[in-house]
Undergrad: 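The structure under discussion is supplied below as structure tokens; questions concerning it will follow.
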Amino acid sequence: MEEIVSLAKRRGFVYQGSEIYGGEAGLYDFGPYGVELLNNIKKNWWRWNVQLKPNYVGLDSAMFKDPKVWVASGHVGGFADPLAECKKCNTRIRVDKELEKIGVPADEKMTEQELGTLFDGNRDKIKCPNCGAKDFTNVRMFNMLVTSNLGDFTGENDTPVYLPGEACQGIYLNFKNIVDTTRMKIPFGVAQIGKAFRNEISPRNFLFRTREFEQADTQYFIRPHENEADYQRIKQDRWQWFLNLGIREENLRWKQHEHLVFYAKDAWDIEYNYPSYGFDEVEGIHDRTDYDLSQHMKYSGTDLNYTDPKTGEKYVPWVLETSMGMGRIFLAVLSDAYKVEEVEGGGTRTVLKLKPELAPVKCAVFPLLKNKPELVARAREVYEILSQNMMCEFDDNGNIGKRYRRQDEIGTPSCVVVDFQTLEDGTVTVRDRDTTEQRRVGIEELVSNL
RNA sequence: GCGGGCGUCGUACAAUGGCUAGUAUGCCAGCCUUCCAAGCUCGAGAUGCGAGUUCGAUUCUCGCCGCCCGCACCA
């Protein structure tokens, strides 16, 4: 993993966020090659889920939403617990619950200060349930939602808005809009790629757990209780997508959730075998019943029932969700493609064996020699032509082997060389990243050949 | 957030309470080069940030920030 992080930095895929200021934990910037790879993964995902599925449509919802959205979703209430930690064994206690146990009225809606005062006044009566010690840290509120001050001009910020804790809420909010304005009929799906923010206590493992991240979600709306067959089908479809992306199947596995949240019927993760950390979640596939739409009905007062156009039956649809972390799939793609090969005659070659459609640069164009102006000029022309159709790079630095290696490290599938024969018959050599073999083709055929 | 470790050019390493902080590689430019990191020349590039001790701090002390490991967290 260290090698991959190092390559990602060295070759301009991923940088630490705000690095020149000392860095910000849990934030990463995608560099010139990183953004290409990321966009290519997104493009592939969108094609698979929107373009190729007749009953799916796309969406891009506003990141800021009515604060009540996050109350309805359970993020506000469920994640504002006042906690203190035992200094001996690091066990965490719910301060409000422990205070109530000893007869002190308290609840989780009180402020951190109020609870802190109550807690400090009763420290001698509260023992750690695990080790019995009475030595606790100060009370802290933990809420993973990130707040902002959108629309607050007074600076008092007594009505904070939240940055999205998950991207998928935008889909539920627009369920009715999509039913009303398109010809979508249940069952149908909505796909969205969007940003999410969480105040992770300790972001860790490079792109794996970050405070700002991007999720690629699909929500499939179905008739109540008719979840089983579709759930199985969607699980298989998602597995196939990972294989289609070029991920090796032996590095993937299923993991079923052991502790389901109360409303969920079933939940499985697709895990990838990351270098160093081992298998961990890339995507969750959840059978969520009608929880999300029902909650938004309740809190918004808007009727989100669906009326079946044929039978007239009214119901709140159930939802089958797929939710993938873009950083996690990015890291999986990079890890899976990374190879260090032994080279004949000693030495090694670092190569990213990316599926060509994912490669940041599709084709690099070199003149065989730099000090022959006619070769350089002709190579420039070829580069101009190819750039019209794909991401290309021109390189005339150093010797040719060096340029090949440079492209290998960023996963460029093809390198085109303009040599002396090009000047005579208009053919160039095309060198393959994986085999390092070359073939000669005419410039006109290049685009179709690549 | 807690405990432990760490922080020197892009990367990987070296050195030092005081002389211009060194090497490799990468990068830039030039020369050379008729296909897989050859060679020569030139150049840019670092002590994470801030305070303290000191005549003088990259080096010692403290705080902050970041990274790694473990715990906890991950709806």
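In the text below, chain A, chain B and the rest are named by the order of the sequence lines, each starting its count at 1.
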Undergrad: Round to the nearest Å and state the distance from R349(A) atom CZ to U25(B) atom P.
TA: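 The distance from CZ of R349(A) to P of U25(B) comes to 22 Å, rounded to the nearest Å.
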Undergrad: Go through the steps to decide whether F30(A) and Y15(A) satisfy the test ring pair (Phe, Tyr, Trp, His ring centres under 6.0 Å), and finish with yes or no.
TA: CA-CA 6 Å; F30(A) 289 92; Y15(A) 309 122; 9.7 Å; no
Undergrad: N371(A) side chain N/O closer than 4.0 Å to the phosphate oxygens (OP1, OP2) of U33(B)?
TA: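 For N371(A), the contact criterion (side-chain N or O under 4.0 Å from OP1 or OP2 of U33(B)) is met.
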Undergrad: Could you state the atom-to-atom distance from CG of L369(A) to C1' of C35(B) in whole Å?
TA: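 My rounded result for the distance is 9 Å.
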Undergrad: The side chain of R209(A) is closest to which nucleotide in this list: C36(B), C74(B), U11(B)?
TA: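 Nearest listed nucleotide: C74(B).
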Undergrad: Would you please indicate if the ring centroids of F366(A) and Y404(A) are separated by under 6.0 Å?
TA: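 Aromatic pair counts; centres sit under 6.0 Å.
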Undergrad: So S6(A), base contact, sugar-phosphate only, or nothing? Heavy-atom distance under 4.0 Å.
TA: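 Since only primed, P, OP1 and OP2 atoms lie under 4.0 Å of S6(A), the category is sugar-phosphate.
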Undergrad: Say you pick atom P in U16(B) and the same atom in G22(B); how far apart are they, in whole Å?
TA: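 Roughly 14 Å separates the two P atoms.
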Undergrad: Without decimals, in angstroms, what is the distance between N205(A) CG and C68(B) P?
TA: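 Checked: the CG to P distance equals 7 Å.
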Undergrad: Would you please confirm or rule out a distance under 4.0 Å between OP1 or OP2 of U11(B) and any side-chain N or O of K9(A)?
TA: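 Yes, within the criterion.
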Undergrad: Which string of ( ) [ ] | and . matches RNA chain B, if you list each base 5' to 3' and count Watson-Crick or G-U pairs only when both distances are under 3.5 Å?
TA: (((((((..((((....[...)))).(.(((.......))).)....(((((..]....))))))))))))....
Undergrad: Over 60° means perpendicular and under 30° means parallel, so classify the ring planes of Y277(A) and Y274(A), tilted if in between.
TA: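 Rings of Y274(A) and Y277(A): tilted, 30 to 60°.
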Undergrad: Expressed as a whole number of Å, how far does the P atom of G4(B) sit from that of G63(B)?
TA: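 Their P atoms lie roughly 12 Å apart.
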Undergrad: With the side chain counted from C-beta on, respond yes when F221(A) and I171(A) share a heavy-atom pair under 4.5 Å apart, and no when they do not.
TA: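 They are in side-chain contact.
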Undergrad: Could you check R405(A) against K372(A) and say which one's nearest nucleotide on RNA chain B is further toward the 5' end?
TA: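 Closest to the 5' end, via its nearest nucleotide, is K372(A).
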Undergrad: Between G48(B) and G7(B), how far apart are the C1' atoms? Round to whole Å, please.
TA: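 Straight-line distance between the two C1' atoms is 7 Å.
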Undergrad: Expressed in whole Å, how much space separates the C1' atoms belonging to U25(B) and C9(B)?
TA: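 U25(B) and C9(B) have their C1' atoms separated by 12 Å.
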Undergrad: Is there a donor on the side chain of R204(A) or the base of G70(B) sitting less than 3.5 Å from an acceptor on the other?
TA: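 Check passes, donor-acceptor contact within cut-off.
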Undergrad: Taking only side-chain N and O atoms of Q16(A), does any of them lie within less than 4.0 angstrom of OP1 or OP2 on G66(B)?
TA: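 For G66(B), neither OP1 nor OP2 has a side-chain N or O of Q16(A) closer than 4.0 Å.
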Undergrad: Would you kindly check whether a donor in the side chain of Q438(A) faces an acceptor in the base of C35(B), or vice versa, at under 3.5 angstrom?
TA: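 Checked by distance alone, the answer is yes.
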Undergrad: Rounded to whole angstrom units, what separation is found between the OH atom of Y33(A) and the C1' atom of C27(B)?
TA: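 Taking atom C1' of C27(B) as the reference, OH of Y33(A) is at 13 Å.
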Undergrad: May I ask you to decide if the ring planes of H225(A) and W318(A) are parallel, tilted or perpendicular, using 30° and 60° as cut-offs?
TA: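 Ring orientation, 0 to 90° scale: tilted.
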Undergrad: With rounding to the closest Å, how many angstrom separate the P atoms on U20(B) and G26(B)?
TA: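 So the two P atoms sit 30 Å from each other.
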Undergrad: For the pair made of CD1 in I4(A) and P in U11(B), what is the distance, rounded to whole Å?
TA: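 Those two atoms, CD1 and P, are 17 Å apart.
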Undergrad: Return yes when atom NZ of K68(A) has more than 12 non-hydrogen atoms of other residues, nucleotides or ligands closer than 6.0 Å, and no otherwise.
TA: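 Incorrect, the count does not exceed 12.
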Undergrad: Kindly point out which of U33(B), C35(B), C36(B) is positioned nearest to the side chain of T429(A)?
TA: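 The answer is C35(B), which lies nearest to the side chain.
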Undergrad: Within a reach of under 6.0 Å around CD of E3(A), are more than 12 heavy atoms found that belong to other residues, nucleotides or ligands?
TA: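 12 or below, so no.
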Undergrad: To the nearest Å, how far apart are L368(A) CG and C32(B) P?
TA: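 It works out to 15 Å between those atoms.
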Undergrad: Students often get this wrong, so: under 4.0 angstrom with heavy atoms, is G165(A) touching a base, only sugar-phosphate, or nothing?
TA: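 Here G165(A) touches the bases of the nucleic acid.
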Undergrad: Starting at the 5' end of RNA chain B, which residue's closest nucleotide do you reach first, D396(A) or G23(A)?
TA: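 The answer here is D396(A).
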Undergrad: Given atom CG of D395(A) and atom C1' of C36(B), what is their separation to the nearest angstrom?
TA: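 Computing the D395(A):CG to C36(B):C1' distance gives 13 Å.
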Undergrad: Measuring only the P atom in each nucleotide, how far is G30(B) from A14(B)? A whole number of Å is fine.
TA: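 Here G30(B) and A14(B) have their P atoms 35 Å from each other.
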Undergrad: Using only modelled atom types and a 3.5 angstrom limit, is any donor from either the side chain of R198(A) or the base of C74(B) paired with an acceptor on the other?
TA: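 Result: no qualifying N/O pair found.
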Undergrad: Counting only distance, no hydrogens or angles, is the base of C27(B) paired donor-acceptor with the side chain of N397(A) under 3.5 Å?
TA: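 A donor-acceptor contact between them is absent.
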Undergrad: Picking from R378(A), K372(A), R431(A), R440(A), what satisfies salt bridge (Lys or Arg N to Asp or Glu O under 4.0 Å) with D419(A)?
TA: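 Exactly one candidate clears the test, R440(A).
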Undergrad: Within this structure, what is the CD-to-P distance between Q407(A) and A37(B), rounded to whole angstrom?
TA: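 Atom-to-atom, Q407(A) to A37(B), this comes out as 15 Å.
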Undergrad: Looking at K370(A), I'd like to know whether one of its side-chain N or O atoms comes within less than 4.0 Å of OP1 or OP2 on G30(B).
TA: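 Yes, such a contact exists.
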Undergrad: Among the nucleotides C32(B), C27(B), C73(B), which one has an atom lying closest to any side-chain atom of R406(A)?
TA: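 Minimum distance to the R406(A) side chain belongs to C27(B).
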Undergrad: Sticking with atom P, work out how far U53(B) lies from C67(B), rounded to a whole angstrom.
TA: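 These two P atoms come out 31 Å apart once rounded.
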Undergrad: Give a yes-or-no answer on whether the side chains of D336(A) and Y272(A) include a donor-acceptor pair shorter than 3.5 Å.
TA: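 Yes, because at least one side-chain N or O of D336(A) sits under 3.5 Å from a partner of the opposite role on Y272(A).
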Undergrad: Determine the interatomic distance between P on C49(B) and the same-named atom on U8(B); round to the nearest Å.
TA: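 It works out to 11 Å between them.
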Undergrad: Can you find a donor-acceptor pair, distance only, under 3.5 Å between Y404(A) side chain and C35(B) base?
TA: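 It does, because a donor-acceptor pair links the side chain of Y404(A) to the base of C35(B) below 3.5 Å.
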Undergrad: Could you point out which residue of V376(A), V382(A), L386(A) forms a side-chain contact (heavy atoms from CB on, under 4.5 Å) with F394(A)?
TA: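 Output: one option passes, namely V376(A).
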